[in-house]
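Notes for the one structure printed next.
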Amino acid sequence: DLPLVQICNERRYYIACRSLVEQGGESMASIVKIDHDECIGCEACVEECPAVFEFNEDEAKAYVIAGADPNLACVDDAIASCPVDCIEKE
């Protein structure tokens with residue numbers, strides 16, 4: 001098994017989670033971001049990938065779950081399901 005280090009940063013408009021996987025001295029990183037100015041609260045991402053996205057009822061916005069693995073295959077499905085394209089993975 002590869003060591004997995006989770007680093008999560010909260011920002012004003014999105015939560016970004018980064019996973020660093022060290023393999024043979026190299027690192028791969030992914031960040032998933034939600035632009036809350038654009039999010040319409042449809043919950044499509046939560047339905048597609050509940051292991052990574054959750055819905056905040058008070059704010060009526062989706063969030064990336066702190067510590068979630070942004071490299072799960074369902075993240076790409078969630079990004080594709082967003083009707084306003086407010087989720088990105090870097």
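Quick caveat: nothing in here was measured; it's all calculated off a predicted structure. Quick note: numbers below take in every heavy atom, side chains included, and nothing from hydrogens, waters or symmetry partners.
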* Asked: Quick one: side-chain hydrogen bond (donor to acceptor under 3.5 Å, both in side chains) pairs with a partner in residues 42-59, sequence neighbours left out?
  -> E59-Y63
* Structure fact -> G41 and F55 have their tightest heavy-atom pair at O-CE1, 3.5 Å
* To do: Return the minimal non-hydrogen interatomic distance between A62 and C45, and the atom names on each side.
  => CB-SG, 3.5 Å
* Structure fact -> Heavy-atom nearest pair, P70 first then A68, reads CD-O, 3.1 Å
* **Test log, rule side-chain contact (heavy atoms from CB on, under 4.5 Å), inputs V64 and V52** => CA-CA 6 Å; V64 176; V52 176; 4.2 Å; yes
* **Of all pairs that satisfy disulfide (SG to SG under 2.5 Å), the ones with a partner from residues 55-90, not counting sequence neighbours** => C49-C74
* Structure fact -> Between I34 and F53, the two heavy atoms sitting closest are CD1-CD2, 3.7 Å
* Asked: Looking at CG of D37 and NZ of K61, how far apart are the two atoms once the value is rounded to the nearest 0.5 Å?
  -> 7.5 Å
* **Closest contact, heavy atoms only, I40 versus P83** => CD1-CG, 4.0 Å
* Asked: Atom CD1 of I87 and atom NZ of K89: how far apart are they, to the nearest 0.5 Å?
  -> 12.0 Å
* Structure fact -> For D77, the salt bridge (Lys or Arg N to Asp or Glu O under 4.0 Å) test, sequence neighbours excluded, returns none
